[in-house]
Structure formats: C-alpha cells, structure tokens
Protein chains: 2
Amino acid sequence: MVGNGAGLRSGQVAEMTGVSPDTIRHYERIGILPHPPRSCGGYRLYSADVIERVHLVRRALQLGFTLAELSEILRVRDKGGIPCRRVLHLAEEKLRSLEHQIAELRQTQTYMKSLVRQWRSKLALTDPSSKALLLHSLIDDGSSLPNTKKKLRRRK
Amino acid sequence: MVGNGAGLRSGQVAEMTGVSPDTIRHYERIGILPHPPRSCGGYRLYSADVIERVHLVRRALQLGFTLAELSEILRVRDKGGIPCRRVLHLAEEKLRSLEHQIAELRQTQTYMKSLVRQWRSKLALTDPSSKALLLHSLIDDGSSLPNTKKKLRRRK
DNA sequence: CTTGACTCTGGAATCGATTCCAGGGTGCAT
DNA sequence: ATGCACCCTGGAATCGATTCCAGAGTCAAG
Ligand SMILES: [Zn+2]
Ligand SMILES: [Zn+2]
Ligand SMILES: [Zn+2]
Ligand SMILES: [Zn+2]
C-alpha cells in the first residue's frame with residue numbers, strides 16, 4: 001500500500017492518465033506540468049488536479065497542438081493571463097491545416113485506389129515470371145498527387 | 001556551358017527533378033540510385049534515365065512508400081528480380097492505412113470544427129478581461145477523438 | 001592565374017514527442 | 001537485512017527524410 005494522503009507519485013499519475021512516467025517527467029522539464037513538491041525522499045508528490053492537466057494536454061496534442069505551444073499557453077494561464085484568444089487563433093490554424101491535409105490525403109487515396117485496381121488486374125494477366133512493371137506506371141503519368149512541402153503532423 | 005556529352009552531374013539531376021543535390025547523393029548512399037561512373041575529376045556522371053528513377057521515387061514517397069522499402073524493391077529489380085507482387089502488397093497496405101488515417105483526421109476535423117464554433121461564440125460573449133477557459137473545455141467531455149498509437153506518416 | 005560556381009566527402013544536425021539508459025536512492029514487506 | 005518495486009537524474013537515442021557543415025578539389029570564364 002501507499003500513503004495516499006501526501007499526494008500522487010509520478011508513476012501513479014502516469015497510470016491514471018495512460019502515459020508513461022518518463023512522459024510525466026518530460027512534461028515537467030518543458031514547463032507543461034508545474035514542479036510539484038517532493039517527499040522527504042525526493043519523490044514528486046502531485047496534487048490530484050495534475051491529472052486533469054495531463055488529460056488536457058493529451059487532448060490538445062490530438063488536436064494538433066504542440067508541446068511548445070501548450071507550454072507557452074499554460075505558462076500564461078498559470079501566471080493569471082488570458083490565453084483564450086491565442087488558443088482560438090491556434091485552433092483555427094490547426095483546423096485549416098487539418099482540412100488541407102485531409103484534402104491532400106483524399107487526393108492521394110483516389111490515386112492510390114485506381115493504382116491498386118490497375119495493378120491487380122495487370123498482375124492477374126501477367127505471366128508470374130515476367131515483370132509487370134508496376135512501379136514503372138507511376139512515372140510521368142502526369143496525374144494528380146499533392147506536391148506538399150509543408151509538414152502537417154499530428155500526434156506522436 | 002557544360003559538356004553534356006559525358007553525362008549529368010548531380011546538380012543537374014537535382015535541378016531536373018526538383019530535388020536537392022544532397023538528396024541525390026543521399027539516395028545513392030542508401031542504394032536507391034546506382035553508383036554512377038565518375039568524371040576524371042571525380043564528379044558523378046549520370047545517364048539520363050536516372051531522372052525517371054528519381055521521379056519514380058518521389059512518386060512512391062508521396063504514396064507512402066519508404067526509402068527503405070524502395071531501396072529493397074529497386075535492388076531486387078536491378079538484379080533482374082520481379083518485385084511486382086511485393087509492390088502491390090505494400091501498396092494495398094498503404095492504401096489501408098491511408099483510409100484509416102483519413103477516417104481519423106475527419107473525426108478530429110469534426111470535433112475541431114464544433115470546438116472552434118463553440119469557442120468563437122463563447123469568446124464573443126465573454127468580457128475580454130475574463131477567462132473564457134477555452135482549453136478547459138477539452139477536458140473530459142468524453143467525446144470522440146481517435147486514440148491513435150501508430151505512426152502513419154507520409155512525405156518529408 | 002584568379003575568381004566564382006560547382007562538386008566532393010562523411011558525419012552531424014534537424015523536426016517533435018517519446019523512450020531509453022545507467023548508476024544510484026527510497027520505502028515497504030517478507 | 002534482503003528483496004523487490006518504485007523513483008531519481010540528465011543526457012542520449014529513436015523514428016525518416018532531408019539538410020547542413022567544413023575543408024578540400026574541379027573547372028570554365030575572364
Ligand atoms: Zn480527466
Ligand atoms: Zn514490377
Ligand atoms: Zn519523369
Ligand atoms: Zn482560456
């Protein structure tokens with residue numbers, strides 16, 4: 001058993017939030033979780049509300065927020081500031097890039113679908129010992145694939 | 001002017017394919033481009049067909065193929081092998097994960113849209129000096145966001 | 001010849017979130 | 001007092017594709 005009166009240790013927070021203890025410590029390092037008080041032995045003793053903060057962070061990450069952005073936002077908030085407009089602005093940006101990304105993926109999906117269909121039938125008709133040149137059919141067929149340069153990434 | 005009779009130098013290939021010379025050299029390092037003959041001064045001298053190979057690689061990357069996969073496939077092909085079935089298999093996998101990824105993104109998009117709408121109106125009604133607690137509304141609203149663990153990444 | 005544009009090498013850096021590591025404490029229960 | 005599970009530290013590694021770097025060499029034009 002564990003003396004719960006004092007607070008939650010990192011491992012417990014990790015367990016309760018579905019995150020590794022390493023990640024909890026990492027979040028503290030980069031200023032997303034506050035430095036909690038320590039037990040006499042040096043263990044972190046978190047108060048229960050850190051659970052909600054971790055949940056919030058995970059949510060925001062899924063939405064495309066960055067740890068750096070969250071760190072900045074939460075720091076403002078913790079100092080009594082009002083990051084709401086910033087949050088909304090960021091969310092609008094995330095939404096736009098999300099829509100852009102989806103459009104690109106759907107374009108790729110369409111292309112890929114037709115390619116797979118074409119390859120399947122070509123392969124069915126081809127002597128298994130001869131080259132079907134599948135990959136070759138992606139050369140210069142001129143059709144539409146997104147030429148993305150930007151990184152649009154979400155989640156780990 | 002440049003003596004074109006002998007072959008293409010890395011920079012020319014780069015220019016013609018929209019890729020940096022560094023990338024060209026990189027592709028050679030990992031076995032995606034063959035080691036080309038060299039000029040007396042040590043410059044790579046590519047034959048024109050390397051252009052098509054680079055185009056092919058870029059195409060395949062956009063589709064979600066990996067440099068490692070392409071390296072393997074192309075090595076087989078260059079040795080006279082027939083990687084077509086492998087290519088098709090990989091393509092089918094890419095397509096599946098593409099569809100999965102799109103589904104997730106659309107879920108996130110739906111959630112994000114409603115969130116932004118909700119935040120906009122809440123912020124419009126809120127005294128600009130008071131906290132709208134936008135981020136807080138992502139805590140425990142129980143609704144649907146994809147819990148992705150896997151990495152589904154495409155392109156640089 | 002000198003300048004300037006290009007090329008060579010291979011190893012390191014970049015992006016972001018997470019994980020891993022080794023060497024060393026803590027704390028509770030047999 | 002011995003074991004065992006947990007926790008501490010901070011720096012490095014991971015994923016993949018690309019880029020960057022310094023120090024050196026090539027080559028054509030002026
Ligand atoms: Zn919660
Ligand atoms: Zn083939
Ligand atoms: Zn081409
Ligand atoms: Zn707020």
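Predicted model, so just to flag it, every value in this text is computed and none were measured. Numbers restart at 1 for each chain; the letters A, B, ... are given by sequence-line order, proteins then strands.
- OP1 or OP2 of C:dG16 has not a single side-chain nitrogen or oxygen of A:Thr66 nearer than 4.0 Å.
- A:Leu45 has its CG atom 10 Å from the P atom of C:dG27, to the nearest Å.
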Show the numbers, then the answer: is there a side chain to side chain contact (heavy atoms under 4.5 Å, CB included) between A:Tyr46 and A:Met16?
-> CA-CA 12 Å; A:Tyr46 288 102; A:Met16 296 168 78; over 6 Å; no
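- The residue from A:Asp22, A:Thr23, A:Thr17 that alone fulfils the side chain to side chain donor-acceptor pair (under 3.5 Å) condition with A:Ser20 is A:Thr23.
- In this structure, A:Ile24 places its CD1 atom 17 Å from C1' of D:dT9, rounding to the nearest Å.
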Begin from the C-alpha positions of A:Arg44 and A:Arg38 and carry the test side chain to side chain contact (heavy atoms under 4.5 Å, CB included) through to its verdict.
-> CA-CA 5 Å; A:Arg44 290 172 178 76; A:Arg38 301 299 187 99; 3.4 Å; yes
Do A:Arg106 and B:Glu99 pass the salt bridge (Lys or Arg N to Asp or Glu O under 4.0 Å) test, and can you show the C-alpha distance, the side-chain angles, and the key distance before you say yes or no?
-> CA-CA 8 Å; A:Arg106 297 191 60 218; B:Glu99 284 164 348; over 6 Å; no
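- Close to C:dT19, at under 4.0 Å from its OP1 or OP2, lies a side-chain N or O of A:Thr23.
- In this entry the distance linking NE2 of A:His26 with P of D:dC7 reads 19 Å, nearest Å.
- In the displayed structure, A:Glu92 atom CD is contacted under 6.0 Å by more than 12 heavy atoms of other residues, nucleotides or ligands.
- If you measure from atom CG of A:Leu61 to atom C1' of C:dA17, you get 8 Å, rounded to the nearest angstrom.
- For the pair B:Leu8 and B:Ile51, the minimum side-chain heavy-atom distance is below 4.5 Å.
- Between B:Ile30 atom CD1 and D:dT19 atom C1' there is a gap of 14 Å when expressed in whole angstrom units.
- Taking 4.0 angstrom as the limit, A:Ser39 places none of its side-chain polar atoms (N or O) nearer than this to OP1 or OP2 of C:dT26.
- In this structure, A:Asp22 places its CG atom 7 Å from P of C:dT19, rounding to the nearest Å.
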For nucleotides 4-8 of chain C, print each protein N/O atom paired with a nucleotide N/O atom at under 3.5 Å, atom names and distance only.
residue: C:dC6; atom: O2; partner: B:Tyr43; partner atom: OH; Å: 3.3
residue: C:dT7; atom: OP1; partner: B:Gly11; partner atom: N; Å: 3.0
residue: C:dC8; atom: OP1; partner: B:Arg44; partner atom: N; Å: 2.9
residue: C:dC8; atom: OP1; partner: B:Arg44; partner atom: NH1; Å: 3.0
residue: C:dC8; atom: OP2; partner: B:Ser10; partner atom: OG; Å: 2.8
residue: C:dC8; atom: O5'; partner: B:Arg44; partner atom: NH1; Å: 3.3
residue: C:dC8; atom: O3'; partner: B:Arg38; partner atom: NH1; Å: 3.4

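- With salt bridges taken as basic N to acidic carboxylate O contacts below 4.0 Å, one links A:Arg86 and A:Glu72.
- Remark: P of D:dC7 and OH of A:Tyr46 are 11 Å apart, rounded to the nearest angstrom.
- Atom CG in B:Leu63 sits roughly 18 Å away from atom P in D:dG16 (whole-Å rounding).
- When distances run from any side-chain atom of B:Arg29 to the nucleotides C:dC20, D:dA17, C:dG11, the shortest one goes to C:dG11.
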